[in-house]
Amino acid sequence: MFEYLMPKLVMPSYDGTLLDQTCRNAVRRQIQYGKERGVPWGVSESGYNAVDAHLNYQYRAFGVPGLGLKRGLAEDLVIAPYATALALMVAPEAACLNLQRLSAEGLEGRYGFYEAVDYTPSRLPRGQSSAIIRSFMAHHQGMSLLSLAYLILGQPMQKRFESDPLFQANQPVCSRSEPCGQANSSCTLPSSPA
């Protein structure tokens, strides 16, 4: 999910734009997929229930069918709380409820939410329905903090980004609610050299 929502961590978003619609649809599909599978929602790349010779959790990309392009996405079921934290910027109420559910299921640790919970049957000990990945990844914790700042502190990073003169020069393009090239678009494209 972070591939969809990461730009919102620092960039302003405008209602009705392609980026806004994409983020909303990605979160909507994540919520739907969690309901379909009977688990909390929030699939993204993360650690999972496999370790190397040094007992380090392994890490890779996971996705939701219909959002990711890779085949076989439904074969793994790993939920990463930081993915839900990112969704605070798009669907705050749904994200808060899901974070509460993750907490109730034991995913809250001393330093915040644990890395993930793995529901993939082939990686679980007999008799267990899930395995909590008890690690903390700094970049996932950092993205979670930025999402919380977005919601609680009124988008401070987005305001900082927006104050840059280079962004201000391109802001009209970023805030367009319809792509250039549509029949009813009033977008003026630069002419190409002859």
Side-chain angles (χ1 to χ4, degrees), residues 1-48 59-70 73-74 76-109 111-120 130 132-133 135-162 174-175 177:
M1 173 134 63
F2 93 93
E3 291 90 345
Y4 286 99
L5 300 182
M6 193 166 55
K8 288 181 69 77
L9 291 173
V10 294
M11 290 179 59
S13 181
Y14 305 95
D15 289 339
T17 61
L18 186 58
L19 179 61
D20 176 64
Q21 292 172 25
T22 300
C23 291
R24 291 183 190 287
N25 287 329
V27 171
R28 194 174 298 121
R29 176 63 183 127
Q30 288 268 350
I31 293 169
Q32 177 188 27
Y33 189 66
K35 287 178 183 174
E36 290 169 9
R37 299 296 299 263
V39 298
W41 54 272
V43 177
S44 198
E45 65 180 48
S46 68
Y48 60 99
Y59 183 95
R60 69 180 170 96
F62 298 100
V64 170
L67 287 178
L69 300 176
K70 189 171 123 183
L73 291 175
D76 294 292
L77 187 55
V78 179
I79 305 301
Y82 86 92
T84 296
L86 288 171
L88 287 166
M89 300 181 291
V90 176
E93 289 182 30
C96 283
L97 290 172
N98 199 53
L99 288 169
Q100 289 171 348
R101 180 177 177 184
L102 290 165
S103 179
E105 292 187 15
L107 269 90
E108 204 171 340
Y111 304 109
F113 282 97
Y114 288 120
E115 173 65 7
V117 57
D118 194 339
Y119 294 97
T120 311
S130 65
I132 295 174
I133 311 312
S135 67
F136 301 95
M137 300 202 80
H139 65 294
H140 293 165
Q141 298 293 326
M143 286 189 278
S144 297
L145 289 171
L146 285 173
S147 297
L148 287 165
Y150 177 100
L151 185 64
I152 296 169
L153 302 176
Q155 305 177 25
M157 293 304 291
Q158 293 73 13
K159 289 175 183 170
R160 183 175 184 186
F161 193 93
E162 205 168 27
C174 295
S175 61
S177 61

Quiz item: Closest heavy-atom contact between Lys70 and Ala61?
Solution: NZ-O, 3.8 Å
Self-check item: Separation between CD1 of Ile31 and CD of Glu36, rounded to the nearest 0.5 Å
Solution: 12.0 Å
Practice problem: Check whether any side-chain heavy atom of Glu162 sits under 4.5 Å from a side-chain heavy atom of Met11, and report yes or no. | Solution: no
Quiz item: Roughly how far, to the nearest 0.5 Å, is the CD atom of Glu108 from the CG atom of Leu102?
Solution: 10.0 Å
Exercise. Would you kindly say whether Arg28 and Asn25 are connected by a side-chain donor-acceptor distance under 3.5 Å?
Key: yes
Exercise. Flag the pair Leu99 / Cys96 as yes when at least one side-chain heavy-atom distance between them is below 4.5 Å, and no otherwise.
Key: no
Quiz prompt | Backbone of Cys23 reached by a side-chain donor or acceptor of Lys8 within 3.5 Å | solution = no
Quiz item: Hey, does Thr120 have a side-chain heavy atom less than 4.5 Å from the side chain of Val78?
Solution: yes
Quiz item: Please walk me through it: do Met89 and Leu151 pass side-chain contact (heavy atoms from CB on, under 4.5 Å)?
Solution: CA-CA 6 Å; Met89 300 181 291; Leu151 185 64; over 6 Å; no
Quiz item: How many angstroms lie between atom CG of Leu5 and atom CD of Gln30, to the nearest 0.5 angstrom?
Solution: 8.5 Å
Quiz item: With a 4.5 Å heavy-atom cut-off, do Asp76 and Asp118 have their side chains touching?
Solution: no
Exercise. Give the minimum heavy-atom separation between Pro81 and Leu107, together with the two atoms involved.
Key: CG-CD2, 3.6 Å
Exercise. Give the intermediate values and the outcome of side-chain contact (heavy atoms from CB on, under 4.5 Å) for residues Ser46 and Phe62.
Key: CA-CA 7 Å; Ser46 68; Phe62 298 100; 4.0 Å; yes
Practice problem: Check whether any side-chain heavy atom of Val64 sits under 4.5 Å from a side-chain heavy atom of Gln32, and report yes or no. | Solution: no
Self-check item: Distance-minimising heavy-atom pair for Leu67 and Ala26
Solution: CD1-O, 3.6 Å
Exercise. Without swapping roles, check the side chain of Glu115 against the backbone of Gly47 for a donor-acceptor pair under 3.5 Å.
Key: yes
Quiz item: So, Glu45 side chain and Gly63 main chain: donor-acceptor pair closer than 3.5 Å or not?
Solution: no
Quiz item: In terms of the angle between their ring planes, are Phe2 and Tyr82 parallel, tilted or perpendicular, with boundaries placed at 30° and 60°?
Solution: tilted
Quiz item: Looking at Tyr119 and Pro40, what are the two nearest heavy atoms and their distance?
Solution: OH-CD, 3.2 Å
Quiz item: Going by atom types only, do Tyr33 and Arg37 share a side-chain donor-acceptor pair under 3.5 Å?
Solution: yes
Exercise. For residues Ala95 and Thr84, report the shortest heavy-atom separation together with the two atoms involved.
Key: O-CG2, 3.4 Å
Quiz item: Got a second to check how far Leu88's CG is from Leu146's CG, nearest 0.5 Å?
Solution: 12.0 Å
Quiz prompt | Close side-chain approach of Ile133 to Tyr114, heavy-atom, < 4.5 Å | solution = no
Quiz item: Heavy-atom distance under 4.5 Å between the side chains of Phe161 and Pro12, does that happen here?
Solution: yes
Exercise. Could you walk me through whether Met1 and Val43 pass side-chain contact (heavy atoms from CB on, under 4.5 Å), step by step?
Key: CA-CA 6 Å; Met1 173 134 63; Val43 177; over 6 Å; no
Exercise. Report the C-alpha distance between Thr17 and Asp20 in whole Å, list the side-chain angles of each, state the deciding distance to 0.1 Å, and finish with yes or no for side-chain contact (heavy atoms from CB on, under 4.5 Å).
Key: CA-CA 5 Å; Thr17 61; Asp20 176 64; 3.4 Å; yes
Quiz item: Does Arg101 reach the main-chain N or O of Trp41 with its side chain, forming a donor-acceptor pair under 3.5 Å?
Solution: no
Quiz item: Which distance, rounded to the nearest 0.5 Å, do you find between the OG of Ser135 and the OH of Tyr59?
Solution: 10.0 Å
Quiz item: Is any side-chain N of the basic residue among Arg24 and Asp15 closer than 4.0 Å to the acidic one's carboxylate O?
Solution: yes
Quiz prompt | Separation between OG of Ser44 and CD1 of Ile79, rounded to the nearest 0.5 Å | solution = 10.5 Å
Quiz item: Closest approach of Ile132 and Gly106, non-hydrogen atoms and distance?
Solution: CD1-O, 3.4 Å
Practice problem: State whether Tyr48 and Arg60 meet the cation-pi test: NZ (Lys) or CZ (Arg) under 6.0 Å from the six-membered ring centroid, and within 45° of the perpendicular axis. | Solution: yes
Quiz item: Quick one: does Glu105's side chain get under 4.5 Å of Ser130's, heavy atoms only?
Solution: no
Quiz item: Does any donor atom in the side chain of Gln158 or Tyr150 lie under 3.5 Å from an acceptor atom in the other side chain?
Solution: no
